Amino acid sequence: MACRGSGVRIPSAPPESNGPVSARKPGRSIAGRSAMTDDVFDFEAIQARWLPVWDELAPFRSGRADDPRPKRYVLDMFPYPSGDLHMGHAEAYALGDVIARYWAQRGFNVMHPIGWDAFGLPAENAAIKRGADPRAWTYENIATQRASMRRYACSFDWDRTLNTCDPEYYRWNQWFFLEMFKRGLAYRKASSVNWCPTDQTVLANEQVVNGLCERCDSVVTKKKLTQWYLRITDYADRLLDDMQQLEGKWPEKVLLMQRNWIGRSSGAEVHFQVEGRDEPVTVYTTRPDTLFGATFFVVAVDSDLAAELAAGTAAEEEFRAYLEQAKGETDIERLASDRPKTGVFLERYAINPVNGERLPIYAADYVLSDYGTGAIMAVPCGDQRDLDFARVFNLPVVNVIASDEDPAETGVAVNGDGVHINSDFLNGMGKAQAVATMTEWLEERGLGRAAKNYRLRDWLISRQRYWGTPIPIVHCPDCGEVAVPAEQLPVTLPDAQGLDLTPKGSSPLGAADDWANVPCPQCGQPSRRDPDTMDTFVDSSWYYLRYIDSRNQQAAFDPELVRQWFPVDQYVGGVTHAILHLLYSRFFTKVMHDMGLVDAVEPFERLLNQGMVQMDGSAMSKSRGNLVRLSDELALHGVDAIRLALVFAGPPEDDIDWADVSAAGSKKFLARAWRLSGEVQAPIGADAAAGDVELRRATARALHDAALAVESYRFNVAVAKTMELVNATRKCIDSGAGAADPAVRAAVEAVAIMLSLVAPYTAEDMWARLGHAPSVALAGWPEVDPTLLIDDTVTCIVQISGKVRGKLEVPVGISAEALQALALVDADVQRSLAGRGVKTVVVRAPKLVNIVPEG
RNA sequence: GCCCUUGUGGCGGAAUUGGCAGACGCGGCGGACUCAAAAUCCGUUGUCGCAAGACGUGUGGGUUCGAGUCCCACCGAGGGCACCA
């Protein structure tokens, strides 16, 4: 069976000097010395053999203070403990592990932590459904995932784990919140907020996708509520400008999405007098140059200004009805495209500051109350929305940008650059000059000024749910909002026992009187705790800092340790978090920088977004019936084969269709590689330089190429290079220098080390069979002799008019003249030239000659 | 509608950035071993053609001695943004 040809010997067990290792090898020490047992790749036995060894050796512990190796922080997005790990986790963690293990092999002190994002709605909802305690349910799931992760054998430092639902963790959420509160970065305000009727809680803007709740797809409605916010808008410019240093290190797509989300625009504020009102009304516009084209004025229907302007006018009743109607609309309805414009004339007029024209004021729902000032000057010739509105209400259109088409006729606004007309002192100017001139004109007269605006809103963090971090504020009838003193932190969650967790629009914590009733920390009179909990994105906005010092009882982390490890060198996770989590984390990092806690201003040096794992073209899910269970696949093919299959399937950023992946093929390759380790006959330390030079070249090339591939995220290519080396070694043993050649040992050792990035069990077993002590994970990436990367001779391609017509084997150092001469006398070339003369010859020595014939 | 990304064998995907297209693997085909199968191993596999050869990287044009790679136009797929004044 497995014995092929001659020269196959029975491989010996690892030397006894390995002590604890050989003692742990079932089947090998007892009856396992037959060729049959030793030459069969038994992944279950291999997994069972090495897991306990690794537990003991802990090769990836990163906390030693005296570690002289340079640091590298590799971070995987931590999982949500909603059940066992699935295929998506398997891919993400396999990819992150390749990077972490590679840098460990390269001699870095790699910190590769893992923890659990353990607070949040899914856990709570699942708990409600089963009548279980969310706490018990969460910790059970964490235990399950933890066991799965251990078996999945990522290079995690198990000394650093954290759960965000532990009081020792969320205590520091509360501490940060209070630090922000002190600095005016956390504040409470009444505002119209997004409300999910299913989850019965408010949502941040970022959690509303196309008018639907990001988690449950319910249609989101609006509610006027007083809630806690974090002042992320204070950091808008820095969040935007600091992205320059991420250029080329983060996916362009993510940077673009963040830029769009922040949505900075520049223009001007313009003050308009309103008849019958003392104070002018200010509007924001990106096109102050089109002020002469303003023919009416619009205020957001749900703004305070609209109500004020309507009060006491003949239009008041109509306005009220319109407001009611607008309030009842969901974002879905409001944002529907090609929806006709609606509005109400308020019987009031604003005065255009540049020409004194009276502009009728309308209330409309197409103007947003929370962007800019909630009021706009309407320029129908240049703005499509204003033009649409003008056409519905028969308002005049004044063209201020020269164009062949008349917007009033065509219904298409002219919104680009162009020569200004009908614009008095701007006539004849282009856009840029006109904007500058008008802004200056306004500033000189106190009628306006240059201004910037953002799409980004402050981050609403209150949630009316149980399973989260309590907001550490006490509401006192006299003192108002009072911070819980730092020494009283954490404010722990009350027991869920006896609380009604079903969503009902107010926080379950508010009903826990024993918990909620406290004396005011300032004046001592009876007060109540804030009943809301924090958005779980607060938890994940700084967990990567806590890992650095996760057992610290005195502080969130030691700034000195953070100085050593921060920022994260490589972050790996799904693109689904391109806006929310990454934006919030960047914000937190900047706040902490301002607090003097961290040096860095950006948390994540490099970012890799892995794709999703699908099945038959769509996302795996139980309801679709196309769910591939990770645990089944692991049992069938083994951990290494699944990891290898996922890494080899394609570029990490691309989606993987499990239907296109061959786990069986991966297993076959691993067995093939593993078998080599039993055939090596040269002793440890044999001088490879004395071995077969072709195999030595192949080994050097493979190590070199695989390293380059890993460093540029082309992990699939790194695997292919490993496969090539296995093939070359196989060939060398079977039909070349033979198994005793020292180059064979060097090649197989290189295979084990390269394989250790993707298939740690197989690699470790190979390493032991080669006679080495564990762990292969820290064996070190072999030095490559650069002279082996350069061949003595190369194949020179001879082209005629760009088509390959001949090949020459030439020395690498050949001169262009010699090569040209050689090419021209080549028999194949002469035949193809068929007597035609030579016009020009392009020589790129030593690899290419291109001959251009005459005619 | 606007912006971005992308298009290579039956399939997943390679190609030192302008220099042998299809590395590596899956699948297929042929063979060895086997009573047989599985496993394993060897060979083969872009298309057309018996062959020499011709044609081939979504389509059409262009630049170049030479284009998967650069430029223009179009077509298809995926993603982001979408009343943000």
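Computed from a predicted structure; not experimentally measured. A, B, ... follow the sequence lines: proteins, then strands. Residue 1 opens every chain.
- Residue A:V852 is classed as a sugar-phosphate contact, given heavy-atom separations below 4.0 Å to backbone atoms only.
- Comparing the C1' positions of B:U47 and B:U57 gives a spacing of 13 Å, expressed to the nearest Å.
- The stretch residues 361-381 of chain A participates, sequence neighbours left out, in these ring-ring contact (aromatic ring centres under 6.0 Å, His included) pairs: A:F345-A:Y362, A:Y362-A:F389, A:Y362-A:F393, A:Y366-A:F389.
- Per the geometry, CD belonging to A:E679 stands 12 Å off C1' belonging to B:C41, to the nearest Å.
- The minimum heavy-atom distance between A:F292 and A:S423, with the atom names listed, is CE1-O, 3.2 Å.
- Between A:P407 and A:N399 there is a side-chain heavy-atom pair separated by less than 4.5 Å.
- With a 3.5 Å ceiling on both atom-pair distances, B:U63 lacks any Watson-Crick or G-U wobble partner.
- Pair check for B:G56 finds none; no Watson-Crick or G-U wobble contact set falls under 3.5 Å.
- Taking every heavy atom of both residues into account, A:N260 and A:R455 meet most closely at O-NE, 3.3 Å.
- Residue A:R730 has no polar side-chain atom (N or O) positioned under 4.0 Å from OP1 or OP2 of B:C42.
- The same atom, C1', is picked in B:G79 and in B:A85; the two are 27 Å apart, to the nearest Å.
- Closest-nucleotide positions on RNA chain B for A:Y284 and A:S801 were compared, and the one nearer the 5' end corresponds to A:S801.
- The distance from atom CD1 of A:I851 to atom C1' of B:G66 is 13 Å, rounded to the nearest whole Å.
- Between A:S662 and A:A645 the shortest heavy-atom distance is O-CB, 4.3 Å.
- Taking 4.0 angstrom as the limit, A:R455 places a side-chain polar atom (N or O) nearer than this to OP1 or OP2 of B:A82.
- Between the P atom of B:C11 and the CG atom of A:D655 lies a distance of 18 Å, rounded to the nearest Å.
- When both pairing distances are held under 3.5 Å, B:G43 makes a Watson-Crick or G-U pair with B:C29.
- Computed from coordinates, the A:K253 NZ to B:G79 P distance equals 9 Å when rounded to whole Å.
- Residue contacts shown for A:T840 are absent, as no nucleic acid heavy atom lies under 4.0 Å away.
- Remark: the separation of the P atoms in B:G7 and B:G30 is 35 Å, to the nearest Å.
- In this structure, B:G1 forms a base pair with B:C81, meeting either the Watson-Crick or the G-U wobble geometry with both donor-acceptor distances under 3.5 Å.
- The residue among A:S265 and A:L256 whose nearest nucleotide of RNA chain B is located toward the 5' end is A:L256.
- In this structure B:A51 sits in no base pair that meets the Watson-Crick or G-U test at under 3.5 Å.
- An anti orientation is assigned to B:G49, its glycosidic angle lying beyond 90° of 0.
- Comparing the P positions of B:A14 and B:G58 gives an interatomic distance of 15 Å, to the nearest angstrom.
- Between the NZ atom of A:K847 and the C1' atom of B:G18 there is a distance of 13 Å, rounded to whole Å.
- In terms of heavy atoms, A:A663 sits closest to A:W658 at CB-CZ2, 4.4 Å.
- Side-chain proximity of A:P651 to B:A15, B:C65, B:G13: nearest is B:G13.
- If you take atom P in B:U59 and the same atom in B:A36, they sit 49 Å apart, rounded to whole Å.
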Using a cut-off of under 3.5 Å, enumerate the N/O to N/O pairs linking the protein to nucleotides 52-56 of chain B.
none

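- Base orientation at B:U47 is anti, since its O4'-C1' glycosidic dihedral falls outside 90° of 0.
- Looking at A:K327 and A:D302, no side-chain N of the basic residue comes within less than 4.0 Å of a carboxylate O on the acidic one, giving no salt bridge.
- Remark: C1' of B:C4 and CG of A:L255 are 13 Å apart, rounded to the nearest angstrom.
- Taking atom C1' on both nucleotides, B:U63 is separated from B:U69 by 14 Å, rounded to a whole Å.
- Between the side chain of A:S666 and the backbone N or O of A:L644 there is no donor-acceptor pair closer than 3.5 Å.
- For A:D640 and A:R643, the salt-bridge test fails: no basic side-chain N is under 4.0 Å from an acidic carboxylate O.
- Summarising the geometry, the separation between CZ on A:F43 and P on B:A39 is reported as 15 Å, rounded to the nearest angstrom.
- Base pairing of B:G12: its partner is B:C24, meeting the Watson-Crick or G-U wobble criterion (both donor-acceptor distances under 3.5 Å).
- Counting non-hydrogen atoms of neighbouring residues, nucleotides and ligands closer than 6.0 angstrom, the NZ atom of A:K847 reaches no more than 12 such neighbours.
- B:C35 is unpaired under the criterion used here, namely a Watson-Crick or G-U wobble arrangement in which both key atom distances are under 3.5 Å.
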Distances under 3.5 Å between protein N/O atoms and the N/O atoms of nucleotides 20-25 of chain B, please, pair by pair.
from	atom 1	to	atom 2	distance (Å)
B:C20	O2	A:K807	NZ	2.8
B:A23	O2'	A:E724	OE2	2.4
B:G25	OP1	A:N727	ND2	3.1

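- Scanning all heavy atoms of the two residues, the minimum distance from A:E269 to A:A451 falls at CG-CB, 3.7 Å.
- As rounded to whole Å, 15 Å separates atom C1' of B:C11 from atom CG of A:D654.
- Using atom C1' as the reference point in both B:C33 and B:A38, the two lie 13 Å apart (nearest Å).
- Salt bridge A:D237/A:K452: present, at least one basic N to carboxylate O contact under 4.0 Å.
- B:G76 and B:G60: their P atoms are spaced 16 Å apart (whole Å).
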